[in-house]
Enquirer: 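Once you've had a glance at the structure underneath, I'll fire off some questions.
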Amino acid sequence: MTKKVDRILEQLETLYPDAVTELHFETPFQLLVATMLSAQCTDRRVNMITPRLFGRYPDAAQLSAAPVESVEELIRDCGLFHTKARNIVKTAQILVEQWAGAVPEDRERLMTLPGVGRKTANVVVANAFGQDAIAVDTHVFRVAHRLGWAKAKDPDGTEEELMRIIPKRKWSQAHHWLILHGRRVCVARNPLCGECALVKDCARIGVAPAPTRKKVPVV
DNA sequence: ATCCCGAGGG
DNA sequence: CCCTCTGGAT
């Protein structure tokens with residue numbers, strides 16, 4: 001098992017050598033906000049609106065005093081904007097009141113902020129503070145399960161399984177590798193198993209093929 | 001129609 | 001466990 005995992009990790013590293021966040025940010029606070037915005041929204045779109053958002057409200061102090069409607073307007077294109085705007089402003093206020101406008105560097109404290117769940121907290125500690133963490137989003141969840149690396153029904157259990165199976169120093173990169181692979185090859189609908197470099201070590205081998213529309217046959 | 005690097009509430 | 005919130009892309 002570990003042997004197969006190692007092989008796949010090596011392959012993924014070869015396939016996606018430039019595994020870094022696509023989110024644009026200058027400070028931990030901006031990464032936190034950008035990640036909150038990225039829910040149900042592509043990174044590309046987040047990056048399209050953050051220059052204007054951070055141009056007007058560059059830090060927690062500015063954002064904490066911003067009218068929610070003003071933030072809603074600036075982030076509208078990212079969807080879920082009522083909740084996101086309210087959470088972002090409230091989070092900025094808490095940061096200012098409790099941490100002098102700084103972003104806490106540990107995941108547990110981050111998760112106490114409104115709109116910040118485990119996934120967002122993991123992205124922030126990994127990409128802003130260089131900690132080892134595996135943020136389990138929809139792609140990581142799907143690919144990990146198809147590879148046979150996780151059985152858990154929820155992201156939290158999946159994260160634990162992945163942390164056990166992947167060497168700690170590779171956690172953060174593995175997170176990006178699985179996302180990239182999930183977006184480009186191991187897509188939700190009709191995975192491109194015919195173009196996948198990992199098929200030989202994938203648990204889906206031998207499993208009944210999923211109904212395929214017109215694309216590459218599944219497994 | 002379905003999905004996007006989710007989170008909170010019931 | 002389920003549901004809802006949102007616009008844009010495909």
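No experiment lies behind these values; they were computed from the predicted model shown. Here is the naming used below: chain letters follow the sequence lines, and residue numbers restart at 1 for every chain.
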Enquirer: In whole Å, I'd like the distance from the NE2 atom of A:His175 to the P atom of B:dG6.
Expert: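 Value for this atom pair: 10 Å.
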Enquirer: What integer distance in Å separates A:Phe25:CZ from B:dC5:C1'?
Expert: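 For the pair A:Phe25 CZ and B:dC5 C1', the rounded distance is 14 Å.
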Enquirer: Would A:Glu159 and A:Asn122 count as having a side-chain donor-acceptor pair, cut-off 3.5 Å?
Expert: yes
Enquirer: Check the distance between B:dC4's C1' and A:Ile75's CD1 and give it to me in whole angstrom.
Expert: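 Taking CD1 of A:Ile75 and C1' of B:dC4, I get 16 Å after rounding.
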Enquirer: Reckon A:Thr120 touches a base, only the sugar-phosphate, or nothing at all at heavy-atom distances under 4.0 Å?
Expert: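 Counting heavy atoms under 4.0 Å across all strands, the contact made by A:Thr120 is with sugar-phosphate only.
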Enquirer: Give A:Pro155 one of three labels, base, sugar-phosphate or nothing, depending on what nucleic acid heavy atoms sit under 4.0 Å from its own.
Expert: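 Since no nucleic acid heavy atom lies under 4.0 Å of A:Pro155, the category is nothing.
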Enquirer: Can you find a heavy atom in the side chain of A:Thr35 that is under 4.5 Å from one in the side chain of A:Lys119?
Expert: yes
Enquirer: On DNA chain B, compare the nucleotides closest to A:Met111 and A:Asp43; which residue's is nearer the 5' end?
Expert: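 The answer here is A:Asp43.
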Enquirer: Would you indicate what A:Arg142 reaches in the nucleic acid, counting non-hydrogen atoms under 4.0 angstrom: base, sugar-phosphate, or nothing?
Expert: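 Here A:Arg142 touches the backbone only, sparing every base.
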Enquirer: Quick one: is B:dA7 close enough that its OP1 or OP2 comes under 4.0 Å of any side-chain N or O from A:Arg118?
Expert: no
Enquirer: Look at all strands and tell whether A:Val140 reaches a base, only sugar-phosphate, or nothing, counting heavy atoms closer than 4.0 Å.
Expert: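 Nothing, no nucleic acid heavy atom in range.
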Enquirer: In whole angstrom, give the distance that lies between atom NE2 of A:His24 and atom C1' of B:dC5.
Expert: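 Rounding to the nearest Å, NE2 of A:His24 and C1' of B:dC5 are 14 Å apart.
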Enquirer: Given A:Lys3 and A:Asp6, is the salt bridge (Lys or Arg N to Asp or Glu O under 4.0 Å) satisfied, shown in steps?
Expert: CA-CA 5 Å; A:Lys3 207 66 185 291; A:Asp6 289 343; over 6 Å; no
Enquirer: Taking atom P in both C:dC3 and B:dC5, what distance in whole Å separates the two?
Expert: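 Looking at atom P only, C:dC3 and B:dC5 are 23 Å apart.
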Enquirer: With heavy-atom distances below 4.5 Å as the criterion, would you say the side chains of A:Pro104 and A:Leu95 are in contact?
Expert: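 Touching, per the 4.5 Å side-chain cut-off.
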Enquirer: For A:Leu23 and B:dC4, what is the distance between atoms CG and C1' respectively, to the nearest whole Å?
Expert: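 Going from CG in A:Leu23 over to C1' in B:dC4 covers 13 Å.
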Enquirer: With C1' as the reference atom in both, quote the distance from C:dC5 to B:dC3 in angstrom, rounded to an integer.
Expert: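 Straight-line distance between the two C1' atoms is 15 Å.
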Enquirer: Does any non-hydrogen side-chain atom of A:His145 lie less than 4.5 Å from one of A:Thr158?
Expert: yes
Enquirer: Specify the residue among A:Gly115 and A:Thr35 whose closest nucleotide of DNA chain B lies further upstream toward the 5′ end.
Expert: A:Thr35
Enquirer: Can you name the side-chain hydrogen bond (donor to acceptor under 3.5 Å, both in side chains) partners of A:Ser70, sequence neighbours left out?
Expert: A:Tyr57
Enquirer: Suppose you measure atom P in C:dA9 against the same atom in B:dA7; what distance do you get, rounded to whole Å?
Expert: 23 Å
Enquirer: Rounding to an integer number of Å, can you tell me how far A:Asn122 CG sits from B:dG6 P?
Expert: 13 Å
Enquirer: Is any side-chain N or O of A:His139 closer than 4.0 Å to OP1 or OP2 of B:dC4?
Expert: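 Answer is yes, contact under 4.0 Å.
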Enquirer: Could you check how far CG of A:Asp137 sits from C1' of B:dC5, rounded to whole Å?
Expert: 4 Å
Enquirer: What integer number of Å spans the P atoms of B:dG8 and C:dG8?
Expert: 24 Å
Enquirer: So, do A:Trp149 and A:Glu161 sit near enough that their side-chain heavy atoms are less than 4.5 Å apart?
Expert: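 Answer no - side chains too far apart.
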Enquirer: Taking the side chain as C-beta and beyond, is there a heavy-atom pair between A:His181 and A:Cys196 under 4.5 Å?
Expert: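 Result yes, sub-4.5 Å side-chain heavy-atom pair found.
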Enquirer: In whole angstrom, what separates A:Leu37's CG from B:dC4's C1'?
Expert: 14 Å
Enquirer: Please work out if A:Leu113 contacts a base, only the sugar-phosphate, or nothing of the nucleic acid, heavy-atom cut-off 4.0 Å.
Expert: sugar-phosphate
Enquirer: Taking protein heavy atoms under 4.0 Å as touching, what does nucleotides 2-10 of chain C look like 5' to 3' if B marks base contact, S marks sugar-phosphate-only contact and - marks none?
Expert: ---BBBSS-
